[in-house]
Amino acid sequence: VILYFILVLILPRSARFNYDFKKGSPWKYETLVAQFDFPILKSQELIEQEKAKAGSSVIPYFRYSEEIVNSHLRNAEAIDLGHLNALKDDIVSTVKDIYSKGVVSDDGVKLDKSQDVSSELIFIQKDKRANKYPFTEIYKESDARAKLLAAMSDIDKNINFDSLFRKTGVYDLIVPNLIFDKQTTELVHAESADYISPTQGFVNAGQLLVSKGEIVTAEIEQMLESYKVEY
């Protein structure tokens with residue numbers, strides 16, 4: 001019992017990381033290998049940079065309107081093309097394909113002037129889910145109408161479809177069915193800007209951290225700092 005208490009008293013209370021290092025200087029100790037798994041922490045400077053970037057760049061949210069799609073598809077099926085009514089099925093099918101990808105207004109998205117709205121990605125909320133899509137996969141209103149004109153012109157090049165569409169109101173069948181959701185956009189943006197992951201990668205036990213005499217680079221320094229914190 002006495003021996004047990006003596007051993008307890010002389011055991012170290014906490015582990016100590018007995019290495020001094022500095023970026024740009026050589027590692028003056030033995031080669032160091034990770035004894036355990038640990039995450040690599042981001043520097044405070046990098047975290048601040050990512051927060052600033054997240055705060056200025058906004059990915060917009062749009063709601064997919066089934067009501068608009070169904071309403072305009074019904075209008076397409078009821079439209080009168082006169083002696084060209086045989087082409088109605090092709091028109092309806094093309095309009096349906098366009099709406100399935102999504103149509104946004106030509107006016108774009110208006111937010112705070114200090115914020116850059118993403119021109120590469122958007123979120124589309126459909127069936128209670130929001131999925132991310134490349135902006136190139138959806139249509140602007142004018143592009144959607146041009147797509148309809150091109151698709152029908154390919155079917156019959158002898159018909160002036162532009163004149164026909166203007167006269168019969170076919171162009172009016174194409175309207176934005178992706179409605180910009182400003183409230184959700186600002187809410188999600190605020191949450192994403194507030195939270196930045198504090199880690200950037202992972203080191204496994206047994207992985208080499210730094211060799212004896214090796215120059216401590218910024219990357220090695222961050223690994224060693226992360227190892228020290230976990231140690």
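The figures here come from the full heavy-atom set of this structure, side chains too, leaving out hydrogens, waters and symmetry mates. Just so it is clear, the model here is predicted, and its values are computed rather than measured.
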Review point. Minimum heavy-atom separation for Phe161 to Asp156, with atom names?
Key: CE1-O, 3.2 Å
Check your understanding: Within the side chain of Asn160, is there an N or O that forms a donor-acceptor pair under 3.5 Å with the backbone of Ser163?
Key -> yes
**Study point:** Backbone of Asp97 reached by a side-chain donor or acceptor of Ser100 within 3.5 Å
**Key:** yes
Review point. Side chains of Pro26 and Glu214: does their closest heavy-atom pair fall under 4.5 Å?
Key: no
Exercise for review: Using a 4.5 Å cut-off on heavy atoms from C-beta on, say whether the side chain of Ser211 contacts that of Trp27.
Suggested key: no
Point to revise | In one Ile/Leu/Val/Met/Phe/Trp/Tyr side-chain cluster, 4.5 Å: Ile40, Phe17 | key: yes
Check your understanding: Does the side-chain contact (heavy atoms from CB on, under 4.5 Å) test come out yes or no for Gln200 and Gln222, once each step is laid out?
Key -> CA-CA 10 Å; Gln200 55 172 356; Gln222 201 55 40; 4.2 Å; yes
Point to revise | Backbone of Glu67 reached by a side-chain donor or acceptor of Ser71 within 3.5 Å | key: no
Practice item. Check whether any side-chain heavy atom of Tyr171 lies under 4.5 Å from a side-chain heavy atom of Leu149, and answer yes or no. Key: yes
**Study point:** Nearest heavy atoms of Met223 and Val203, plus distance in Å
**Key:** SD-CG2, 3.9 Å
Review point. About how many Å separate CG of Leu224 and CD1 of Ile220, when rounded to the nearest 0.5 Å?
Key: 7.0 Å
Check your understanding: Going through the distances and angles, do Ser43 and Glu221 end up as a side-chain contact (heavy atoms from CB on, under 4.5 Å)?
Key -> CA-CA 10 Å; Ser43 65; Glu221 181 188 40; over 6 Å; no
Check your understanding: What distance separates Tyr99 OH from Ile138 CD1, expressed to the nearest 0.5 Å?
Key -> 14.0 Å
Review point. With under 30° as parallel and over 60° as perpendicular, where do the rings of Tyr29 and Tyr19 fit, or are they tilted in between?
Key: perpendicular
Review point. Does Lys28 offer a backbone N or O that forms a donor-acceptor pair with the side chain of Lys212 under 3.5 Å?
Key: no
Check your understanding: Would Leu84 and Ile155 show up in the same hydrophobic cluster when neighbours are defined by side-chain heavy atoms closer than 4.5 Å?
Key -> yes
Check your understanding: In the single-linkage hydrophobic clustering (I, L, V, M, F, W, Y; side-chain heavy atoms under 4.5 Å), do Ile159 and Leu173 co-cluster?
Key -> yes
Revision key, fill the gap. To the nearest 0.5 Å, atom CD1 of Ile179 lies from atom CZ of Phe62 at 9.0 Å
Check your understanding: Between Asp106 (side chain) and Lys140 (backbone), is there a donor-acceptor pair under 3.5 Å?
Key -> no
Review point. Taking all atoms of both residues into account, what is the closest heavy-atom pair of Met152 and Leu87, and its distance?
Key: CE-O, 4.0 Å
**Study point:** Side-chain heavy-atom pair Thr31, Leu208 within 4.5 angstrom cut-off
**Key:** yes
**Study point:** N/O donor-acceptor pair under 3.5 Å between Asn177 side chain and Ser65 backbone
**Key:** no
**Study point:** Any Pro176 side-chain heavy atom under 4.5 Å of Val104 side chain
**Key:** no
Review point. Near Glu137 CD, under 6.0 Å, is it more than 12 heavy atoms from other residues, nucleotides or ligands?
Key: yes
**Study point:** Joint cluster assignment, Val33 & Phe38, ILVMFWY side-chain distance < 4.5 Å
**Key:** no
**Study point:** CD on Gln125 to CG on Leu178, rounded to 0.5 Å
**Key:** 11.0 Å
**Study point:** Non-hydrogen atoms of Val103 and Ala144 that approach each other most closely
**Key:** CG2-CB, 4.1 Å
Check your understanding: Would a 4.5 Å heavy-atom cut-off, applied to side chains only, mark Leu73 and Lys96 as touching?
Key -> yes
Exercise for review: Please name the pair of heavy atoms, one in Phe165 and one in Ile91, separated by the smallest distance, quoted to 0.1 Å.
Suggested key: CE2-CD1, 3.9 Å
Check your understanding: Do Thr185 side-chain atoms and Tyr61 backbone N/O form a donor-acceptor pair below 3.5 Å?
Key -> yes
Review point. Are Phe36 and Tyr227 near enough that their ring centres are under 6.0 Å apart?
Key: yes
Check your understanding: Atom CD1 in Ile59, atom CZ in Phe135: separation rounded to 0.5 Å?
Key -> 12.5 Å
Point to revise | Thr184 vs Asp181, side chain to side chain donor-acceptor pair (under 3.5 Å): CA-CA, chis, key distance, verdict | key: CA-CA 6 Å; Thr184 301; Asp181 189 335; 2.9 Å; yes
Exercise for review: For Lys147, look at atom NZ and say whether over 12 heavy atoms of other residues, nucleotides or ligands are found less than 6.0 Å away.
Suggested key: no
Revision key, fill the gap. One should read off an interatomic distance between Tyr64 OH and Asn131 CG, to the nearest 0.5 angstrom, of 13.0 Å
Point to revise | Side chains of Val216 and Ser25 in contact at under 4.5 Å (non-hydrogen atoms) | key: no
Check your understanding: Can you check whether Arg63's main-chain N or O pairs, donor with acceptor, with Lys126's side chain at less than 3.5 Å?
Key -> no
Check your understanding: Looking at side-chain heavy atoms only, is the closest gap between Asn75 and Asp172 below 4.5 Å?
Key -> no
**Study point:** Taking every non-hydrogen atom, the tightest pair across Lys101 and Ile124
**Key:** O-CD1, 4.5 Å
**Study point:** Within one Ile-Leu-Val-Met-Phe-Trp-Tyr cluster: Ile47 and Phe202, side-chain cutoff 4.5 Å
**Key:** no
Exercise for review: Kindly check if the number of other-residue, nucleotide or ligand heavy atoms within 6.0 Å of CD (Glu219) is above 12?
Suggested key: no
**Study point:** Any donor-acceptor N/O pair, Thr199 side chain to Pro39 backbone, under 3.5 Å
**Key:** no
Point to revise | Expected output: side-chain Glu225 to main-chain Leu41 donor-acceptor under 3.5 Å | key: no
